[in-house]
Every structure is written in C-alpha cells, then in structure tokens.
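To start, the structure under review is shown below, and the notes come after it.
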Amino acid sequence: MTIKVIIVDDQAMVRAGFAALLAAQSDIDVVGEAPDGREGVAVSRRTHPDVVLMDVRMPEMDGLEAARQLLDPPRGVIHRPKVLMLTTFDVDDYVYEALRAGASGFLLKDAPPADLISAVRVVAAGEALLAPSVTRRLIADFARQRPAPRRDGPAARRGGLTPRETEVLELIARGLSNQEIAESLVLAEQTVKTHIGRVLAKLGLRDRAQAVIFAYESGLVMPGH
C-alpha cells in the first residue's frame, strides 16, 4: 500500500529536499506541501494523507497548533493523519506538547535520509517514533518540570493494569523496543505486542508516545531514574 505524505515547513529548500527523497521511494507518494501550519491543515483536509511531516516553528500557525487541529478535528471531519514533528533542536518545548496532543513522534531535521524514510514508514504503520535516546531525554526533561501526580489523575487509572502490563508500560517509557522488552522480561515478542495493545486499550491511549507520557505523569517512571 502506498503511503500518502504531505510536508509542512516554512523553508522551501527543506520541503523540496524531503519531497524528492520520499517521492523516490516506491511505497511513498508526496501528495502536497505547505509553508505554514494553517495551510498545512487545509492541504491535509483536502488530500487526506497518511502521514504529515510537520515543522515545529513556522509563521502564521506553528506546528503544535496545526498538529492539534489535525489530531482533534472539529465535528464532521473524520480524517486524522499521523503527525511526525520535525525539529532542529534535540530538546524543544513544543515537541512535548505535540506528543501530548497525539503526534506520533519527532525527528531531527539533520537526521540521515534513511532515518526520514524509515520514520515515515514506522509512523504510517501505527507505531510511535520513540526509539532514539534523544526522545527519552526530551520527555524526561519535561516530565521533570511537571507537578506531582494527582490522586485522581493518571496514577489512579494505572491501577487497572496487571503487574505484567505495568512492567511493560515502564519499559516502554524507558525507550525500549518490543524486542528489548521481550528480552528483558523473557517473553516472545508477539506476547509483548499483545501486552502493549492491552495497556493502550485499558488506559485509552492512542500509541506508544502517549504511553510514555502517561508513565511519567502517573509517577510510574521518575525522570533520571
């Protein structure tokens, strides 16, 4: 199946470079571009892409607000693309909020071309792009700045998980891949996938990105530990 992508970035050279790279892949089709978040939302609503590559900092409307509008659309708008945030910096305060809004992850703009292509495929498949250590550091940095968990907040919801599911959630939050979780818990990788599916369903989370944030906000994982 062909993955439909749009590129939203205020730098024309970046858009052109990414478009040329992705369009050269037999399974990826670049169906639109936009120079700012406002137009990006309009192009997405018109073309219904599978993945939106969204720059964080742009004029008119930044990537965070555009991601919110795409991931929490108004009544009557059914299409919700996967959103992959693009940033120039290792740690960007917008990225944490974008993940909380439902973005599937983020990628540094200077990442190798192969990483960009892989990221589009990973996100299109429904996975969150959370493997790089820089992502773990970013989430830990912002979790450290957040207030202590409320008694009626995420920690209370976590009580519905089994001990094994709680273990799996903790390892997701520490940035481990399915294979690494399987090795750590001496489980089959398919079993790990089943546990992850149950964790997401029980907690009402969309993907691994939200699971990581939930683990920090509920106090299951403490930054720096």
Side-chain angles (χ1 to χ4, degrees), residues 2-23 28-111 115-130 132 134-135 138-139 141-142 146 205-214:
T2 301
I3 302 168
K4 296 197 297 181
V5 177
I6 68 170
I7 303 164
V8 185
D9 194 294
D10 60 335
Q11 294 181 300
M13 289 293 288
V14 170
R15 296 198 308 273
F18 283 1
L21 178 65
L22 294 173
I28 298 175
D29 185 14
V30 178
V31 296
E33 299 178 18
D36 60 67
R38 193 179 309 281
E39 189 170 335
V41 171
V43 172
S44 178
R45 298 261 164 84
R46 188 168 63 247
T47 61
H48 292 185
D50 300 300
V51 177
V52 176
L53 292 179
M54 182 77 73
D55 187 21
V56 171
R57 301 177 186 276
M58 293 180 290
E60 296 294 327
M61 179 189 291
D62 65 27
L64 174 57
E65 179 57 30
R68 285 186 181 129
Q69 292 194 16
L70 291 176
L71 296 165
D72 187 19
R75 186 185 300 273
V77 177
I78 299 174
H79 180 253
R80 283 186 177 87
K82 304 291 185 182
V83 177
L84 179 61
M85 306 302 295
L86 299 168
T87 181
T88 310
F89 309 102
D90 281 9
V91 177
D92 192 308
D93 55 350
Y94 283 102
V95 176
Y96 179 77
E97 292 301 328
L99 291 173
R100 292 192 72 216
S104 294
F106 82 103
L107 189 70
L108 295 178
K109 284 188 177 182
D110 61 358
D115 285 4
L116 173 65
I117 296 166
S118 173
V120 168
R121 290 171 177 155
V122 166
V123 169
E127 293 291 328
L129 197 69
L130 287 172
V134 64
T135 308
L138 178 142
I139 293 176
D141 284 346
F142 284 96
R146 303 194 65 78
L205 305 174
R206 275 179 287 216
D207 56 26
R208 292 172 81 109
Q210 289 199 331
V212 172
I213 292 166
F214 177 93

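Numbers here simply count residues along the sequence, with the first being 1.
Looking at every heavy atom in both residues, Val83 comes nearest to Ala67 through CG1-CB, 4.2 Å. Closest approach of Val123 to Ser104, counting heavy atoms only: CG1-CB, 3.7 Å. Here the closest heavy-atom approach between residue Met58 and residue Asp36 is recorded as SD-CA, 3.8 Å. When all heavy atoms of Arg45 and Pro73 are compared, the closest pair comes out as NH2-CB, 3.9 Å. Summarising the geometry of Leu84 relative to Leu107, their closest heavy-atom pair is CD1-N, 4.4 Å, with the distance given to 0.1 Å.
No side-chain donor-acceptor contact under 3.5 Å links Asp29 to the backbone of Val31.
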### Message
For Leu86 and Phe18: C-alpha separation, side-chain torsions, deciding distance, then whether side chain to side chain contact (heavy atoms under 4.5 Å, CB included) applies.
### Response
CA-CA 11 Å; Leu86 299 168; Phe18 283 1; 3.6 Å; yes
With side chain to side chain contact (heavy atoms under 4.5 Å, CB included) as the criterion, how do Ile6 and Val30 come out once you've worked through the C-alpha distance, each side chain's angles and the decisive distance to 0.1 Å?
CA-CA 6 Å; Ile6 68 170; Val30 178; over 6 Å; no
Do Ile3 and Arg121 pass the side chain to side chain contact (heavy atoms under 4.5 Å, CB included) test, and can you show the C-alpha distance, the side-chain angles, and the key distance before you say yes or no? CA-CA 8 Å; Ile3 302 168; Arg121 290 171 177 155; 4.0 Å; yes
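Counting heavy atoms from C-beta on, the side chains of Leu53 and Asp9 never come closer than 4.5 Å. Contact check for Asp10 versus Pro59: side-chain heavy atoms found under the 4.5 Å cut-off. Contact annotation: the side chain of Lys109 approaches that of Asp55 to within less than 4.5 Å [non-hydrogen atoms, C-beta and beyond]. Side chains of Asp50 and Lys82 form no contact here, defined as non-hydrogen atoms less than 4.5 Å apart. Two residues are said to be in side-chain contact when any heavy atoms from C-beta on lie closer than 4.5 Å; Thr2 and Ile28 fail this criterion. Between Met61 and Gln69, the closest side-chain pair of non-hydrogen atoms falls below 4.5 Å. Side-chain contact between Leu64 and Val56 is absent, with no heavy atoms from C-beta onward closer than 4.5 Å.
Of the residues listed (Leu70, Val52, Val8), the one engaging Val41 in a side chain to side chain contact (heavy atoms under 4.5 Å, CB included) is Leu70, and it is the only one.
Residue pairs meeting the ring-ring contact (aromatic ring centres under 6.0 Å, His included) criterion with at least one member in residues 35-77, sequence neighbours excluded: His48-His79.
Rounding to the nearest 0.5 angstrom, the gap separating the CE atom in Met54 from the CG atom in Leu71 is 8.0 Å. Note that OG of Ser44 and CD of Glu39 are 12.5 Å apart. Values are rounded to the nearest 0.5 Å. Note that CG of Leu116 is 11.5 Å distant from CG of Leu108, once rounded to the nearest 0.5 Å.
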